Every structure is written in C-alpha cells, then in structure tokens.
Chemist: 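Pasting a structure here, questions to come.
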Amino acid sequence: MNRAQMRTSAFAAVAVLAGSMLAACGSGSDAGAGATGGTGGEGGKVAFLMPDLASTRYELQDKPLFEAKMKQLCPTCEVIYQNADSDAAKQQQQANSALAQGVKAIVIDPVDSAAAATIVKSAQSQQVPIIAYDRPIPATPADYYISFDNEKIGSMIAQSLVDHLKAEKAEGGILQVNGSPTDAAAQLIKKGIHSAVDPSGFKLLAEYDTPDWQPEKAQTWVSGQITQFKDQIVGVVAANDGTGGGSIAAFKAAGVKVPPVTGNDAEVAAAQRIIAGDQYNTISKPIKIVAEASANAAWEFIQGKKPAGKTTLYETPSELFVPTVVTKENIKEVLFDSGIMKAADVCTGEYAKGCADLGIQ
C-alpha cells in the first residue's frame, strides 16, 4: 500500500469512528464533512462556556439571554452552562465534560484564545461544532464566530475620548489600559485604540495589558502611573468598564481629580459612573444581540446546517455587530429609552439626582 492509499484508509477509519461517536450522541447520520452538529432538529445538549466572573455580564446577561433564546428555538434542548473563572485549564475540563455528555454544539468565550485551540480540535474531532463567542480563536478556526467588532470598539472609545480632549483644549498625555494579554478580542480592542491614540497628537504616556481583565490589577498599575506622571495625565483609555472602574478608583484613592476615562460593556456600574461624571464613555453592545445570534447559530448546527457568515475573521465565518458609544449626552436615549436599562436599577441612592438632571426616570 502506498502512502496515498494509507492516508485514504486512515481518513476513512477516522470518518467511521467520528460517525459512530456522532450516532452515539443521538445526532443525525446525514451531516456533511466538517463539524455540522446533529440533524432533524430533535433537540439535544448545547454547552455555553463563559470565561470569567470579573465581568458581571456573563452571569447576569449572557447566560439567561442565551438560555431563553435556546428554549424558544428548541424547547427540548438542554443548555449546559459553565464559567471558568479566568482559569484556562478549568475551561478545558469543562469542555471535555460537555463533550463527554454528548453536546451537539459548544458556544465558548475563551479564557485564553491560544489555549482554546485545543478545545476546538477536540470538539471538531468528534464532529461537534464550535461557536466562538465574543472572543475569537485565531490559531485554529472555529466553525463560527459571533461578536461585536472589537477593533471598532477600541477605535470608537479612543476616538471619542480624543475628540473630547481636543474640544476641551487639554494638554498632556494619555494612559492606555488594555485587556487581558491572553484574550484575542482584547488584542483587537488594543489595536483599535492605537489607531485613534497614536495619530491624536496626545502623547501615550504608558500602557498596560491587564491580566484576566482584573479591575484591581488595573487600579494598581494606574496608581503607579499617577505617582510617576501626576498632572500630565489628561485621559485614560480603558478597554472595558472593569478596568475603567479600577482606573477611576486609583485617581480617587490618590486624592486627585479624575480625568476622562473610557469603558466598554455598558455595565450598570459604568452607567452610574457616567451619570455621576466619573467615567466619560462606555460602549453599548446589547448582549441580547450576540446571545441570541449564538443561539440561532447553535440551533442551525444542531439541525445539521452550516450558518453562513457575513464576513470572515481568522479564517472563520463570522457575524460582527457594530456597537454604540455612550456618553452623558446620549445615555438616556441609548440605554434607558431603548429599554436596555431600567432607571430603577441604576438611579439609586447617590445617583438619583444625576438621573433626574438627565431626565432619566
């Protein structure tokens, strides 16, 4: 037998094994080449694996929204939810457990985008499709990727800050507080931030990649920069609301004026800081959009279909939604009039007056 024949025989053996495993999981038998999930729409298990507890959104928004949409699409489907709490090894174990339970699709927001390549390979070897959620997996293409446009997010929050500083005729430099160095989405946000900051005319005093997006680590780093640069700091581009909140806490702890600070995710705490004047902006990227789009994609895979991406990123069919910058000027319209947030949840205690001044009720 020559090498070509050996490769053909080996491939056939793998295909037979994969087909047997798929049948054991209750999947249909007519799925095409590649990870296409089950067929027939008879229901099944779907894993929803989120990365951390540092961002409150995963427990409060992503999980319930994804589960609700899956229930609507497939009442007999079961969602297996796990949060890795910033531990890539734990997420690997959770993925292995989901595969052992016979899931027909995995939706994963990776803790470590590089390490998640192993999860993709394991799932695809068992004909289980992988949907990368919010954060891409560059090294090994997933079957689908759904997110807001992260590079656009970075450029939008940074450009919003730069425009504000120029309007205020500010003189000085900017701190850049990036997200986790193991998060590919954070690197896209970082790239977007640089696209606005680098040509702005404002000096980039220093930048920092925040391990695991931890607000406390961002606060510690910014505290050191305040000591070094003092009143030279006229703005801070923080990659999300958690690192933005940590940055603001550092200025308050130092007893100095808080400069304009950006954010991203439109968390309740960020909305409160914007209303109070502590945070300059955030990004509204309604979690419902990506959660429901991911549920739709998972349901298509379960039925043996391959959803067509509207673009391609990292060789992966993708859907990338465009977010909205939120400042004090438009927060009422974007977050409250739209129904994304409720005044009762935000306008409490010390924030009541600020809400009233903005007509939020």
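Remember, it's a predicted structure, so these values are computed and weren't measured experimentally. Hydrogens, waters and symmetry mates are skipped; everything else that's a heavy atom, side chains included, is used. Along the sequence shown, the residues carry numbers beginning at 1.
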Chemist: Determine whether a donor-acceptor pair (N or O, by modelled atom type, separation under 3.5 Å) exists between the side chain of Thr220 and the backbone of Glu216.
Modeler: yes
Chemist: Are the side chain of Asn83 and the backbone N or O of Asp52 linked by a donor-acceptor pair below 3.5 Å?
Modeler: yes
Chemist: Can you tell if the side chain of Ser113 reaches within under 4.5 Å of the side chain of Pro138, non-hydrogen atoms only?
Modeler: yes
Chemist: Indicate yes or no for a side-chain donor-acceptor contact from Asn281 to the backbone of Ile157 under 3.5 Å, with no hydrogens or angles considered.
Modeler: yes
Chemist: Identify the two heavy atoms, one from Ala115 and one from Asp112, that lie closest to each other, and give their separation to 0.1 Å.
Modeler: N-OD1, 3.0 Å
Chemist: Going only through I, L, V, M, F, W and Y residues with side-chain contacts under 4.5 Å, is there a path from Val268 to Leu335?
Modeler: yes
Chemist: Is there side-chain contact between Val290 and Phe321, with at least one heavy-atom pair below 4.5 Å?
Modeler: yes
Chemist: Show the numbers, then the answer: is there a side-chain hydrogen bond (donor to acceptor under 3.5 Å, both in side chains) between Ser147 and Asn150?
Modeler: CA-CA 8 Å; Ser147 179; Asn150 287 294; 3.1 Å; yes
Chemist: For the atom pair CD1 (Ile130) and CD1 (Ile106), what is the distance rounded to the nearest 0.5 Å?
Modeler: 4.0 Å
Chemist: So Gln92 and Ile119, do their side chains get closer than 4.5 Å, heavy atoms only?
Modeler: yes
Chemist: Do Asn96 and Gln94 have side-chain atoms, one donor and one acceptor, less than 3.5 Å apart?
Modeler: no
Chemist: Quick one, Val236 and Tyr280 - any side-chain contact, counting heavy atoms below 4.5 Å?
Modeler: no
Chemist: Are any of the side-chain heavy atoms of Lys285 and Asp265 separated by less than 4.5 Å?
Modeler: yes
Chemist: Are Asn264 and Met156 close enough, and set up right, to give a side chain to side chain contact (heavy atoms under 4.5 Å, CB included), and what steps lead you there?
Modeler: CA-CA 10 Å; Asn264 160 37; Met156 289 172 73; over 6 Å; no
Chemist: Using the side chain to side chain contact (heavy atoms under 4.5 Å, CB included) rule, take Ile80 and Val46 through it: C-alpha gap first, then chi angles, then the decisive distance, then the call.
Modeler: CA-CA 6 Å; Ile80 298 173; Val46 180; over 6 Å; no
Chemist: Between Ile289 and Leu65, is there shared hydrophobic-cluster membership here, with clusters defined by ILVMFWY side-chain heavy atoms closer than 4.5 Å?
Modeler: yes
Chemist: Please verify the inter-ring angle class for Phe48 with Phe66; under 30° counts as parallel, over 60° as perpendicular, anything in between as tilted.
Modeler: parallel
Chemist: Taking atom NZ of Lys328 as the centre, does the number of heavy atoms from other residues, nucleotides or ligands within less than 6.0 Å exceed 12?
Modeler: yes
Chemist: At what distance, to the nearest 0.5 angstrom, does CD of Glu267 lie from CD of Gln272?
Modeler: 11.0 Å
Chemist: So, do Leu49 and Asp109 sit near enough that their side-chain heavy atoms are less than 4.5 Å apart?
Modeler: no
Chemist: Has Ser318 got a side-chain atom pairing as donor or acceptor with Thr316's backbone, closer than 3.5 angstrom?
Modeler: yes
Chemist: For the backbone of Val326 and the side chain of Ser284, can you confirm whether one donor and one acceptor N or O come within less than 3.5 Å of each other?
Modeler: no
Chemist: To the nearest 0.5 Å, what is the distance between CD1 on Ile331 and CD1 on Ile360?
Modeler: 5.5 Å
Chemist: If you take all heavy atoms of Met341 and Ala266, which pair is closest and at what distance?
Modeler: CE-O, 2.9 Å
Chemist: Checking side chain to side chain contact (heavy atoms under 4.5 Å, CB included) for the pair Leu188/Leu313: CA distance, chi angles, key distance, verdict?
Modeler: CA-CA 11 Å; Leu188 292 171; Leu313 186 67; 4.2 Å; yes
Chemist: Ignoring hydrogens and geometry, is there a side-chain-to-backbone donor-acceptor pair from Arg135 to Pro110 under 3.5 Å?
Modeler: yes
Chemist: Check step by step if side chain to side chain contact (heavy atoms under 4.5 Å, CB included) holds for Lys342 and Phe336.
Modeler: CA-CA 6 Å; Lys342 296 179 181 179; Phe336 293 92; 6.0 Å; no
Chemist: Side chains of Trp213 and Asn240 only: does a donor on one sit below 3.5 Å from an acceptor on the other?
Modeler: no
Chemist: Between the side chain of Thr210 and the main-chain N/O of Ala218, is any donor-acceptor distance below 3.5 Å?
Modeler: no
Chemist: Judged by atom type as modelled, is there a donor-acceptor pair below 3.5 Å linking the side chain of Ser155 to the main-chain atoms of Gly192?
Modeler: no
Chemist: Between atom CD of Gln72 and atom CH2 of Trp299, what is the distance when rounded to the nearest 0.5 Å?
Modeler: 12.0 Å
Chemist: Mind checking whether Phe301 and Tyr144 have parallel, tilted or perpendicular rings, split at 30° and 60°?
Modeler: perpendicular
Chemist: Pick one: which of Thr262, Val234, Val325, Thr327 meets side chain to side chain contact (heavy atoms under 4.5 Å, CB included) with Leu161?
Modeler: Thr262
Chemist: Would Tyr81 and Glu59 count as a side-chain hydrogen bond (donor to acceptor under 3.5 Å, both in side chains) here? Give the steps.
Modeler: CA-CA 10 Å; Tyr81 171 74; Glu59 302 289 314; 2.4 Å; yes
Chemist: Charged N to carboxylate O under 4.0 angstrom, Lys90 versus Asp85?
Modeler: no
Chemist: Taking only residues two or more places apart in sequence or in another chain, which ones pass side chain to side chain contact (heavy atoms under 4.5 Å, CB included) with Ala276?
Modeler: Asp278, Tyr351
Chemist: Are a donor atom and an acceptor atom from the side chains of Ser195 and Asp198 found within less than 3.5 Å of each other?
Modeler: no
Chemist: Is there a donor-acceptor contact under 3.5 Å from the side chain of Thr348 to the main chain of Ala344?
Modeler: no
Chemist: What is the distance from atom NZ of Lys104 to atom CD of Gln303, rounded to the nearest 0.5 Å?
Modeler: 10.0 Å
Chemist: Has Gln91 got a side-chain atom pairing as donor or acceptor with Val111's backbone, closer than 3.5 angstrom?
Modeler: yes
Chemist: First locate atom NZ of Lys252, then atom NZ of Lys257, and finally report the distance between them rounded to the nearest 0.5 Å.
Modeler: 13.5 Å
Chemist: Would a 4.5 Å heavy-atom cut-off, applied to side chains only, mark Ile248 and Gln279 as touching?
Modeler: yes
Chemist: Give me the atom names and distance for the closest heavy-atom approach of Ile146 to Ala297.
Modeler: CD1-CB, 4.0 Å
Chemist: Is the shortest distance from a Lys or Arg side-chain nitrogen in Glu67 or Lys63 to a carboxylate oxygen in the other one below 4.0 Å?
Modeler: yes
Chemist: Which heavy atom in Gln176 sits nearest to a heavy atom in Asn178, and how many Å separate them?
Modeler: NE2-OD1, 2.9 Å
Chemist: Using the side chain to side chain contact (heavy atoms under 4.5 Å, CB included) criterion, which residues pair with Gln187? Sequence neighbours excluded.
Modeler: Lys190
Chemist: Check whether the side chains of Ser97 and Gln93 place a donor and an acceptor atom closer than 3.5 Å, and report yes or no.
Modeler: no
Chemist: Would you say Asn296 and Glu292 are linked by a side-chain donor-acceptor pair, where the criterion is simply a distance under 3.5 Å?
Modeler: no
Chemist: Can you see which heavy atom on Pro136 is nearest to which on Tyr145, and at what distance?
Modeler: CD-OH, 3.3 Å
Chemist: Any chance NZ of Lys353 has more than 12 other-residue heavy atoms, nucleotides or ligands included, within less than 6.0 Å?
Modeler: no
Chemist: Grouping I, L, V, M, F, W and Y whenever their side-chain heavy atoms are under 4.5 Å apart, do Val258 and Leu165 come out in a common cluster?
Modeler: no
Chemist: State yes or no: do Val261 and Ile274 share one hydrophobic cluster built from I, L, V, M, F, W and Y residues joined by side-chain heavy-atom distances below 4.5 Å, directly or via other members?
Modeler: no
Chemist: Does the side chain of Leu358 reach to within under 4.5 Å of the side chain of Ile275, using non-hydrogen atoms?
Modeler: yes
Chemist: Might you point out which heavy atoms bring Ser122 and Ser125 nearest each other, and give the distance in Å?
Modeler: O-OG, 2.7 Å
Chemist: Could you check whether Asp134 pairs with Arg57 (Lys NZ or Arg NE/NH1/NH2 to Asp/Glu carboxylate O, under 4.0 Å)?
Modeler: yes
